[in-house]
Amino acid sequence: MSRFKRLCTGALALAMALCATGCSAFLAEDDLYLLPKMPEDYQDLTEQIQAVINQGAEFSAPLTGENIQNIQLQDLDGDGVAESALAFFRMSGEEKPLKIYIYHQSRDAYELQSVIEGAGTNINTIAYENLDDNPDRELIVSWQISEKVHLLSAYSVSPGQVVEIFSTDYTNFSVFDMDQDNEQEIMVLKAASEGGGDMELYDFQDGMMQLQSTAPLSTGVTNVSEDSDLRRGYLRDYVPALFLTSSFGENGNSSVTDIFAWDPDEATLRNITLDEALGFSSSTWGYYSVVSPTDIDKDSIMEIPSSTAIQEYRQTSSAPNFWINRWSKYDLEGNAWPVFTTYYNSQDGWYLILPEHWLGKITLSRNDAAGGGERAVVFSYWEGDNDVAPIPFLTIYRLSGSNREARASLPGRFLLGDSGEDEPSVLYAARFEENSWDCGLDEESLKEQFQIIRTDWDSLY
């Protein structure tokens with residue numbers, strides 16, 4: 001859902017909730033988003049919602065995810081019309097204090113269709129997904145029982161009836177069509193307290209979401225939690241997969257990525273990178289990673305980085321400052337297919353695809369100006385001998401501040417890109433040093449190799 005649509009939906013929800021009360025009881029900073037006038041066909045809905053509040057309820061919207069409004073308009077029957085309104089409440093003092101009221105629009109009036117009740121302190125998240133072979137959408141609700149305990153449930157809703165079709169504790173979860181049958185499956189991550197754990201796949205069968213298959217995590221993974229880096233994506237040949245990156249080992253100073261995919265020949269879920277002899281995904285293990293699995297080349301297939309420290313000239317610290325990332329995509333058999341190698345600068349918001357003949361022949365350093373308006377990374381030719389000084393051949397700049405355009409056009413510099421706004425707040429520029437190492441790139445080819453880090457990489461196509 002776009003940010004504009006979320007804001008509009010939230011504004012409409014607040015307007016519906018407030019107008020019936022004269023807008024005096026619930027005014028807060030969110031009033032900036034109130035719509036100026038309530039559509040007439042929502043009047044009865046606001047009255048019904050106000051009646052629930054008059055009984056002692058308070059709004060209790062989901063805490064996370066895309067659907068975080070107090071009142072949400074949804075198409076639950078799959079006919080293309082959002083005729084259902086869901087309101088989220090908490091009624092203190094009850095055994096199941098959390099309530100989801102589901103109203104259905106019939107002509108110009110809303111009627112209460114169903115109520116879902118849950119225990120706990122909050123609704124953590126809600127999703128609306130088609131889990132069976134009918135066009136209607138089910139509700140997937142995460143109930144926050146306590147700070148560290150969550151319960152995941154799914155409900156089928158029809159007039160006057162709510163059927164719980166699934167419920168389990170979980171560490172993290174995702175909803176994805178793993179077996180490519182045009183129906184969504186629920187993938188549930190369950191971490192063990194002593195480390196490791198399992199990924200479970202639930203599919204719709206005989207009117208319920210039932211456990212179909214389980215695959216183990218790498219032995220030795222730690223700090224697996226609801227905030228773990230669990231990403232949806234695709235393998236080669238556009239096979240759906242889940243990518244879980246976790247801390248690894250007793251000290252947690254390394255990481256490993258487990259990849260889970262559905263094997264159609266064996267009709268089972270597999271951890272395709274798991275080395276059974278070693279007990280962990282050795283091919284995706286590394287001491288350090290500056291970035292998680294990402295569709296780095298924009299082909300809709302997820303790539304995984306393997307990070308290696310760049311040796312620095314007369315380095316005084318034992319902690320590396322610069323890293324290169326060798327990116328690979330994987331197939332269903334767990335085979336890695338190299339893509340390219342990058343220097344990835346998350347701090348400055350860019351990365352550079354490195355020519356293969358640079359590897360082993362360069363070192364990096366910083367040359368930042370005082371004040372933070374000019375940050376620079378210097379690439380130098382160097383083959384690792386501390387008795388021979390590196391030879392700078394390329395500098396890439398991140399420029400901000402009021403004089404960024406002037407600094408981008410200083411002698412020898414040329415523009416690489418910008419932060420993307422109508423009036424960009426950040427410019428990126430570069431300069432080749434004269435009479436230096438011939439790196440094999442010119443202005444045009446450098447622009448092709450240079451990429452700005454965007455925040456929408458994790459969206460699925």
Side-chain angles (χ1 to χ4, degrees), residues 62 64-67 74 76 78 100 116-120 123-145 149-158 161-192 196-218 221 224-235 239-244 246 258-272 274 332 460:
T64 63
E66 291 189 347
N67 304 302
Q74 291 291 331
L76 294 184
I100 304 174
I116 299 175
E117 299 181 313
I123 296 173
N124 188 53
T125 186
I126 187 169
Y128 308 93
E129 300 286 354
N130 185 357
L131 299 176
D132 56 25
D133 54 2
N134 295 320
D136 59 317
R137 294 198 293 171
E138 286 69 41
L139 278 63
I140 302 175
V141 184
S142 165
W143 306 100
Q144 181 173 300
I145 307 302
V149 178
H150 296 82
L151 183 69
L152 188 66
S153 302
Y155 302 91
S156 176
V157 177
S158 58
Q161 185 179 29
V162 173
V163 178
E164 185 180 80
I165 61 173
F166 164 82
S167 186
T168 186
D169 62 296
Y170 76 98
T171 304
N172 204 335
F173 79 97
S174 184
V175 181
F176 201 17
D177 182 10
M178 295 291 291
D179 57 9
Q180 304 184 77
D181 64 351
N182 296 318
E183 297 172 10
Q184 302 294 305
E185 287 78 50
I186 301 178
M187 303 292 297
V188 176
L189 171 62
K190 293 186 177 181
D198 295 293
M199 184 71 73
E200 299 178 345
L201 184 150
Y202 291 82
D203 202 358
F204 190 82
Q205 184 177 350
D206 298 329
M208 302 289 289
M209 293 297 292
Q210 299 190 16
L211 178 61
Q212 297 294 314
S213 187
T214 300
L217 278 62
S218 287
V221 298
V224 181
S225 69
E226 187 181 12
D227 298 325
S228 298
D229 194 356
L230 180 64
R231 302 190 179 201
R232 299 185 302 171
Y234 294 96
L235 306 173
V239 175
L242 284 184
F243 300 76
L244 174 66
S246 310
D258 290 320
I259 305 177
F260 301 93
W262 181 259
D263 186 333
D265 295 331
E266 300 294 332
T268 189
L269 182 70
R270 290 200 298 114
N271 182 343
I272 65 169
L274 182 67
L332 186 57
L460 291 173

(message) Restricting to non-hydrogen atoms, name the atom on Ser218 and the atom on Asn271 that form the minimum distance, rounded to 0.1 Å.
(response) N-ND2, 4.2 Å
(message) With a 3.5 Å distance limit and no angle check, can you tell me whether Arg137 reaches the backbone of Ala127 through a side-chain donor-acceptor pair?
(response) no
(message) Give me the atom names and distance for the closest heavy-atom approach of Trp262 to Ser213.
(response) CZ3-CB, 4.0 Å
(request) To the nearest 0.5 Å, tell me how far Ile123 CD1 sits from Ile100 CD1. (result) 4.0 Å
(request) Show your reasoning for whether side chain to side chain donor-acceptor pair (under 3.5 Å) applies to Gln212 and Gln205. (result) CA-CA 9 Å; Gln212 297 294 314; Gln205 184 177 350; 2.9 Å; yes
(message) Counting C-beta onward and ignoring hydrogens, is there a side-chain heavy-atom pair between Pro62 and Ile126 closer than 4.5 Å?
(response) yes
(message) If you compare all heavy atoms of Glu138 against all heavy atoms of Ile165, which two are closest, and at what distance to 0.1 Å?
(response) CG-CD1, 4.0 Å
(message) Quick check: do Gln74 and Asn67 have side-chain heavy atoms less than 4.5 Å from each other?
(response) yes
(message) Determine whether a donor-acceptor pair (N or O, by modelled atom type, separation under 3.5 Å) exists between the side chain of Asp263 and the backbone of Thr268.
(response) no
(request) May I ask you to decide if Glu183's main-chain N or O and Asp181's side chain share a donor-acceptor pair within less than 3.5 Å? (result) yes
(request) Say whether, by atom type as modelled, one donor and one acceptor occur between the side chain of Glu185 and the main chain of Met178 under 3.5 angstrom. (result) yes
(message) Can you give me the closest heavy-atom contact between Ile145 and Ala119, atom names plus distance?
(response) CD1-O, 3.7 Å
(request) Enter the distance from Glu129:CD to Leu139:CG here, rounded to the nearest 0.5 Å. (result) 10.5 Å
(message) Contact between Phe243 and Asp229 at the side-chain level, heavy atoms closer than 4.5 Å - yes or no?
(response) no
(message) Surrounding CG of Asp133 (heavy atoms of other residues, nucleotides or ligands, distance under 6.0 Å), is the total greater than 12?
(response) yes
(request) Can you label the angle between the Tyr155 ring and the Trp143 ring as parallel, tilted or perpendicular, going by 30° and 60°? (result) perpendicular
(request) Let me know which of Val188, Thr168, Ile186 forms a side chain to side chain contact (heavy atoms under 4.5 Å, CB included) with Met209. (result) Ile186
(request) Report the distance from atom CG of Leu332 to atom CZ of Arg270, rounding to the nearest 0.5 Å. (result) 5.5 Å
(message) Ignoring hydrogens, what is the shortest heavy-atom contact between Leu230 and Ser174? Give both atom names and the distance.
(response) CD2-CB, 4.2 Å
(request) Quick one: pull up OH in Tyr170 and OG in Ser153 and give me the separation to the nearest 0.5 Å. (result) 9.5 Å
(message) Test your reading of the model: is there a side-chain donor-acceptor pair from Thr64 to the backbone of Asn124, 3.5 Å cut-off?
(response) yes
(request) Run through Asp203, Leu269, Leu201 and flag the one making a side chain to side chain contact (heavy atoms under 4.5 Å, CB included) with Asp179. (result) Asp203
(request) Give a yes or no answer on whether the side chain of Asn134 reaches the backbone of Asp136 with a donor-acceptor pair at less than 3.5 Å. (result) no
(request) Any chance you could measure Arg232, atom CZ, to Leu242, atom CG, to the nearest 0.5 Å? (result) 8.5 Å
(message) Donor-acceptor pair, distance only, cut-off 3.5 Å: does the side chain of Asp132 make one with the backbone of Phe204?
(response) no
(request) Return yes if some donor-acceptor pair links the side-chain N/O of Thr171 with the main-chain N/O of Ala191 below 3.5 Å, else return no. (result) yes
(message) I need the minimum non-hydrogen distance between Ala261 and Pro240, along with the two atoms involved.
(response) CB-O, 3.8 Å
(request) Please examine the side chains of Leu131 and Ile140, heavy atoms only from C-beta on, and report whether any two atoms are closer than 4.5 Å. (result) yes
(message) Does Thr125 form a side chain to side chain donor-acceptor pair (under 3.5 Å) with Ser142? I'd like the steps, not just the answer.
(response) CA-CA 5 Å; Thr125 186; Ser142 165; over 6 Å; no
(message) Contact between Leu274 and Phe260 at the side-chain level, heavy atoms closer than 4.5 Å - yes or no?
(response) no
(message) Would the distance check show the side chain of Asn172 and the main-chain N or O of Leu189 forming a donor-acceptor pair, the cut-off being under 3.5 Å?
(response) no
